[in-house]
There are 2 protein chains.
Amino acid sequence: MDAITNKRGVKPARERQNGIDRAIEILDALLRLHAPTKVGDLAKQIGAPRSTLYSITNRLIEAGILEAVGDEGSVYFGQTAHLYGRAYADANPLHRRCREVLDRLAMQTSATAQLCALRGNKYVVVDTRDGSGVFRITTDIGVEVPIPWTASGRLLLDHMTASEILDFIPEEDFQLPDGCVVETESFVADIARARSEGSCMTNGLSDRFTCCLAAPIRDRRGIAVATLCFIVPIDSSSERKRELLDRLVESALELSDQ
Amino acid sequence: MDAITNKRGVKPARERQNGIDRAIEILDALLRLHAPTKVGDLAKQIGAPRSTLYSITNRLIEAGILEAVGDEGSVYFGQTAHLYGRAYADANPLHRRCREVLDRLAMQTSATAQLCALRGNKYVVVDTRDGSGVFRITTDIGVEVPIPWTASGRLLLDHMTASEILDFIPEEDFQLPDGCVVETESFVADIARARSEGSCMTNGLSDRFTCCLAAPIRDRRGIAVATLCFIVPIDSSSERKRELLDRLVESALELSDQ
DNA sequence: GAATATTGTCCACTATAAAGGACAAAATGG
DNA sequence: CCATTTTGTCCTTTATAGTGGACAATATTC
């Protein structure tokens, strides 16, 4: 891999970009923006000439990967992108099993159950079953969130050393939405505790009203490749939180290799 | 659009192809093959130089759109493709509502309920809820099927004239899997009947053991943009088929504009 | 185990696509 | 209403990415 290429292939600015790189920039920008976007705005977002983006988006629209949405020139993901995604989810054994487990967990508990993983050096929700309770907490799939904001993030890093962890996470990601900064030492300690306990709970971290419960799905090497996660109101009883956490751990263990 | 470009942007062979076109060819080939594939085989499939495919697949793997799967050099769709697809499904109002309806239909009837649409001049299953019955019939999402093989296909063409229909469907698609050929006249008559009845039923068409029931979801212009569909064993009672069809029509009407 | 096929990487060549600007038309806003 | 911005398309230029071939290293077949 190119030495100047950083994680997940986001290449630094160059005079002249490859068409495929531009296309990937477009798709990732749309995922980040998480809404139909005008071609002109996309060009600004990724710092590319408008003429280039028009030609590429038109080609992607032809292929159905993007779709023109609304009466003006906004574009967003198209049906073909959906088919690609389903092909992935259907073929991936872990995903297939996780979907069933999520269904069961959400059904039995009425809480929001999620499958979470890393994407580069960020945390993303990969799949979700929104709870049926009154306080229906929803999260957008695929939106990148700083790792220190989440319970799952702590489990997903628990195979790393302290210095690896600090190298891995961008400085600014330790600042929570409310402005508070997570101390690196306590973060590393959190991760060690999560590892030894085999689960993680956070209260009021990414926002003041939610409690996140997470358990790791590990591969045969013991590395957490994903997590199962419940999102519940922070004022839920500690018995309920305990019970939900136990369910998570049990299900995540089933999904782990061996 | 380029005059020599045919439907859905599958360009004819040229000496030197665009990188984005190559990337799209790769993704569509994987969707068609519906299984992890070696880079060398992909090159054969789409008639491209191996060196080109290695460079493009590696770039797509970097971006997470593809993933290396298995211990040998096979590639298939990656997690990023899944996220793109979910972004589409979550943002598309029709899709969102259809998912709920599919859940309900499959739950209430224990039959396999599907959302179907056109992709170019083929029929594809866009989403599915596999039935819980003994005869669990499953279909692969995204795999292209000749339109004349399906009940849904007849509804999806019911805004076209006879000559438009025959221009639209490739000659060879009128041949069923069992070798029989669907007569064009009876096919056009099927479509007219489907249109007037507002639903379509086929018995033993794409295979000898299944009955397909379909109802159209129409946009404000009255064009069928998608169909809801049940797949049931062909020997189900005609009362059950009737009841299922009524449910479909009712649900599809709800999902139609106005 | 020799013969054949496949895999992944590298290189030089040149067709071509990304760039950057220009343009009219349409939308926006003060 | 005029002024400004945005939109979509078109054109020329030139850096470069797709090609096709070669290569060693494995796999595979007989």
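Here is how names work: the chains are called A, B, and so on, in the same order as the sequence lines, proteins then strands, and each is numbered from 1.
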Original post:
When you check the phosphate oxygens OP1 and OP2 of D/dA17, does a side-chain N or O of B/Arg22 lie under 4.0 Å from one of them?
Top reply: no

**OP:** Would you mind reading off the distance between A/Ile24 atom CD1 and C/dA18 atom P, rounded to a whole angstrom?
**Re:** 13 Å

**OP:** Decide if the gap between the ring center of A/Phe77 and the ring center of A/His82 is smaller than 6.0 angstrom.
**Re:** no

Original post:
Tell me: CD1 of A/Ile61 to P of D/dT9, nearest whole Å?
Top reply: 10 Å

Original post:
Donor-acceptor pair, B/His34 side chain versus A/Ala91 backbone, under 3.5 Å?
Top reply: no

Original post:
Looking at A/Asp90, A/Asn92, A/Asp127, which hits side-chain hydrogen bond (donor to acceptor under 3.5 Å, both in side chains) with A/Arg99?
Top reply: A/Asp90

Original post:
Taking side chain as C-beta onward, heavy atoms only, is B/Ser152 less than 4.5 Å from B/Leu228?
Top reply: no

**OP:** Nearest whole angstrom, please: distance from the C1' of C/dA17 to the CD of B/Gln17.
**Re:** 13 Å

Residues 172-180 of chain A, side-chain donor-acceptor partners within the protein, below 3.5 Å, at least two apart:
unit_1, atom_1, unit_2, atom_2, d
A/Asp173, OD1, A/Lys122, NZ, 3.2
A/Asp173, OD2, A/Lys122, NZ, 2.9
A/Gln175, NE2, A/Gly179, O, 3.1
A/Asp178, OD1, A/Cys180, N, 2.9

Subject >> Cationic N near anionic O, under 4.0 Å, A/Arg97 to A/Glu100 >> reply: no

Original post:
Could you give the angle between the helix axes at the two ends of the helix from C/dG1-D/dC30 to C/dG30-D/dC1, with five pairs per end, rounded to 10 degrees?
Top reply: 60°

Original post:
Backbone N or O of A/Gln79 within a donor-acceptor pair of the A/Glu67 side chain at under 3.5 Å?
Top reply: yes

**OP:** Give a yes or no on whether the backbone of B/Arg59 and the side-chain of B/Glu62 come within a donor-acceptor separation of less than 3.5 Å.
**Re:** no

**OP:** Grab the CD1-P distance between A/Ile26 and C/dA18 for me, whole Å please.
**Re:** 10 Å

Subject >> Side-chain donor or acceptor of B/Thr128 paired with backbone N/O of B/Gln114 under 3.5 Å >> reply: no

Subject >> With A/Arg195 via side-chain contact (heavy atoms from CB on, under 4.5 Å) - residues at least two apart >> reply: A/Asp158, A/Arg218

**OP:** Check each residue of residues 46-57 of chain A for a non-hydrogen atom within less than 4.0 Å of any atom in DNA chain D, then write out the ones that pass by number, or none.
**Re:** A/Arg50, A/Ser51, A/Tyr54

Subject >> Interface with DNA chain C, restricted to residues 31-42 of chain A and to heavy atoms under 4.0 Å >> reply: none

Original post:
In whole angstroms, how far is the P atom of D/dG18 from the CG atom of B/Asn58?
Top reply: 13 Å

Please list every donor-acceptor pair under 3.5 Å in which a side-chain atom of residues 45-57 of chain B meets a protein atom from a residue at least two apart or in another chain.
unit_1, atom_1, unit_2, atom_2, d
B/Gln45, OE1, B/Arg32, NH2, 3.0
B/Ser55, OG, B/Thr52, O, 3.4
B/Thr57, OG1, B/Leu53, O, 2.7
B/Thr57, OG1, B/Tyr54, O, 3.2

